[in-house]
There are 2 protein chains.
Amino acid sequence: MKKGHQVTMKEIAKKLGVSVSTISRALKDSPELHPDTKKRIVEMAKEMNYQPNLLAQSLRISRTNTLGVIVPEITSHFFASCISGIQDHANKRGYNVMICQSNETLELEKANIRTLVSSQVDGLLISLSRETNKYDHLFDLYNREIPFLLFDRVNEDIPVSRVTFNDEGGAYHVTKHLLETGCKRVMYVSGPEDLYISKKRKEGYLHALTEFGIDADPELVKISDLTSEGNVKIAHEIAKMTNRPDGVFCMIDPVALDFMSVWKPMGIKIPDDMALAGFTNNPASAVIEPPLTTVAQPGYEMGKLAVSHLLDQLEGQASDDPISIVLETTLLPRQSTKAL
Amino acid sequence: MKKGHQVTMKEIAKKLGVSVSTISRALKDSPELHPDTKKRIVEMAKEMNYQPNLLAQSLRISRTNTLGVIVPEITSHFFASCISGIQDHANKRGYNVMICQSNETLELEKANIRTLVSSQVDGLLISLSRETNKYDHLFDLYNREIPFLLFDRVNEDIPVSRVTFNDEGGAYHVTKHLLETGCKRVMYVSGPEDLYISKKRKEGYLHALTEFGIDADPELVKISDLTSEGNVKIAHEIAKMTNRPDGVFCMIDPVALDFMSVWKPMGIKIPDDMALAGFTNNPASAVIEPPLTTVAQPGYEMGKLAVSHLLDQLEGQASDDPISIVLETTLLPRQSTKAL
DNA sequence: CTGTTAGCGCGTTCAT
DNA sequence: ATGAACGCGCTAACAG
């Protein structure tokens with residue numbers, strides 16, 4: 001299939017018997033040209049259905065007004081919300097957005113960066129894949145002075161701005177909630193240990209335990225690979241424990257949902273036998289039976305803040321010095337934990 | 001913030017004392033140059049961390065290897081799946097993807113098209129907004145010979161390829177399932193009437209009724225604006241009916257989920273008082289209590305097929321004549337309807 | 001107020 | 001086997 005021809009300035013110029021630069025000036029409403037010619041040109045452009053070639057324009061001004069976004073996966077409701085926030089606010093400020101997903105692999109993350117850089121994006125918003133434990137590609141970006149920031153899945157060693165939730169605080173509150181509602185043995189089910197949020201949420205968990213004068217029990221910390229199979233395996237392990245926890249805090253909602261699907265058929269009562277809480281507030285968490293206590297993370301807001309900060313930096317309205325923006329989370333107590 | 005400089009061919013050329021065209025040839029592995037120089041150039045390019053400027057390249061060859069995608073909203077799990085399928089398979093064939101959302105408005109849909117066309121995308125994959133009831137912008141695209149196709153939310157008057165589900169068939173099967181499991185008065189809750197899927201699913205609903213020798217009752221068709229408020233309002237209307245339906249088929253899952261949230265606190269038993277079924281298989285539908293009978297639509301598969309066909313057309317591996325690709329759906333009987 | 005010129009980075013003739 | 005020259009569509013500096 002051959003693409004139809006696009007009207008260019010040259011063609012308008014020929015038709016009107018003026019030079020291309022005059023067209024260019026008219027179309028960007030330059031003050032220094034006769035109102036009549038300007039009017040003639042604008043009308044002709046509309047008549048011919050002229051659309052500027054952004055490629056040529058970007059090449060010329062060496063700016064694309066396009067941002068690149070990399071997320072682990074677009075089908076996650078949380079990341080989709082982030083993207084939505086990024087896109088809406090980028091558009092509002094005259095920027096377009098190119099979105100890529102790493103599918104949680106380091107390899108694709110690198111490839112995405114390469115593509116976006118080749119596409120000459122003005123800046124990047126990156127949320128790291130689960131697999132990412134080496135950061136050369138990001139330091140490389142930094143060394144090449146390509147503006148970018150990290151959001152949600154961040155790493156603290158790279159000297160760029162980052163936007164995160166108060167994961168430690170959120171985990172503290174949910175653990176505290178479990179303890180306040182009568183749990184004595186609260187378990188933390190973590191994701192892979194080098195994940196930023198695994199660590200942060202564990203800190204919050206431990207903080208709450210300490211506050212209640214409880215010693216951390218290594219038996220009460222489990223690590224899931226976050227696949228459905230992994231979660232199911234751990235659910236069975238917990239069910240078989242001779243000395244079960246009476247409260248379980250899962251690093252993310254899907255783990256808790258998988259646990260429920262295993263425990264409910266076994267007759268384990270939630271929250272009476274074990275209270276259960278998650279993190280992120282997936283849509284499914286609100287409708288499952290019993291509804292899952294969790295921690296809300298406003299993804300749209302995160303996207304908005306992230307893109308606003310990056311654009312502020314790009315446009316010189318914010319310092320280039322890295323800053324850390326921390327969003328607060330909200331505990332959503334529901335029936336999977338006991339009432340106060 | 002100022003973006004760091006990107007290495008160009010010119011710089012490699014100067015460093016190696018050869019001409020730019022030689023660099024160009026070496027980097028695209030042209031056969032007609034000395035293996036040694038080629039090797040030298042490739043090595044130097046890697047050392048200097050050269051990345052081609054896709055803008056310049058695209059301008060030159062007047063092809064961007066980029067596709068544009070427009071969806072109503074990215075936060076819908078179904079559309080996120082489509083995007084995922086599109087992206088994976090576009091990448092596989094060496095194409096990038098620019099994603100836009102119309103937020104269900106005609107205005108943004110038009111703006112998105114303008115942006116993507118200006119960005120010189122090689123083709124477009126479009127799923128129409130709910131609001132779209134005029135099609136000038138699409139006919140315009142057609143007249144300008146810009147390759148595009150429609151998926152899921154399509155219109156049949158535009159002479160381009162489209163990829164849809166067998167909506168009629170899916171609705172037929174779910175209605176038939178309701179009738180087979182004992183329902184006598186089955187209601188259809190539709191979305192706005194000019195929506196393609198509203199019409200198609202109604203046809204399937206009517207088809208099943210006819211097959212069971214039941215006359216269509218206008219009281220048993222309701223139209224929702226598909227907002228949560230609209231759904232809740234209709235849920236109450238149904239609850240108040242003197243002659244309630246004993247089975248309700250909702251055009252999309254969220255409507256059914258909203259109905260449940262209204263009916264459960266009222267003590268209406270599902271499926272005994274009213275059986276309930278949806279369409280699309282949202283993640284939440286599987287975990288709600290009782291789990292919602294629905295129709296699975298493989299979004300990833302749809303995205304894959306759509307992008308494959310468009311690329312086939314672009315690359316001359318498929319005829320330019322519009323075709324209609326229809327994907328089959330799968331009925332997922334769950335506890336919100338009675339067992340057979 | 002408008003036209004001429006130059007060049008963004010790259011690929012592609014046409015020479016040699 | 002390599003270089004010089006041109007142009008993709010556009011903007012901007014300079015000239016008049």
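Side chains are part of it too, since the values below use all heavy atoms of this structure and drop only hydrogens, waters and symmetry mates. Naming: A, B, ... by sequence-line order, numbering from 1 per chain.
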* Asked: Which two nucleotides bound the region of DNA chain D that has atoms under 4.0 Å from heavy atoms of chain B, read 5' to 3'?
  -> D:dA1 to D:dG9
* Flag the pair B:Asp140 and B:Arg144 as a salt bridge only when some basic side-chain nitrogen lies within less than 4.0 angstrom of an acidic carboxylate oxygen. => yes
* To do: Quick one: label A:Ser58 by what it contacts on the DNA or RNA (base, sugar-phosphate, nothing), any heavy atom closer than 4.0 Å.
  => nothing
* Asked: Is there a side-chain contact between B:Val326 and B:Phe165, using heavy atoms and a 4.5 Å cut-off?
  -> no
* **Between the first and last five pairs of the helix from C:dC1-D:dG16 to C:dT16-D:dA1, the angle of the axes, rounded to 10 degrees** => 50°
* Structure fact -> 5' to 3', nucleotides 6-16 of chain C under a 4.0 Å protein heavy-atom cut-off (B base, S sugar-phosphate only, - none) gives -BBBBBBB---
* Asked: Should the pair B:Asp36-B:Arg40 be classified as a salt bridge under the 4.0 Å nitrogen-to-oxygen rule?
  -> no
* To do: Take the protein atom CD1 of A:Ile23 and the nucleotide atom C1' of C:dC1, then report the distance between them rounded to whole Å.
  => 14 Å
* Sole candidate of B:Asp152, B:Thr164, B:Leu305 that passes side-chain contact (heavy atoms from CB on, under 4.5 Å) when paired with B:Leu327 -> B:Leu305
* Does the separation of the ring centres of A:His137 and A:Tyr142 fall below 6.0 angstrom? -> no
* Does the pair A:Glu109/A:Lys134 count as a salt bridge with the N-to-O cut at 4.0 Å? -> no
* Taking the six-membered ring for Trp and the full ring for Phe, Tyr or His, determine whether the centres of A:Phe151 and A:His309 are under 6.0 Å apart. => no
* Asked: Any idea which heavy atoms bring A:Leu27 and A:Tyr50 closest together, and the distance?
  -> CD2-CE2, 3.5 Å
* Thinking salt bridges, do B:Arg93 and B:Asp312 make one under a 4.0 Å N-O criterion? -> yes
* To do: Check A:Ile126, A:Leu124, A:Asn143 against A:Leu138 for a side-chain contact (heavy atoms from CB on, under 4.5 Å) and give me the one that passes.
  => A:Ile126
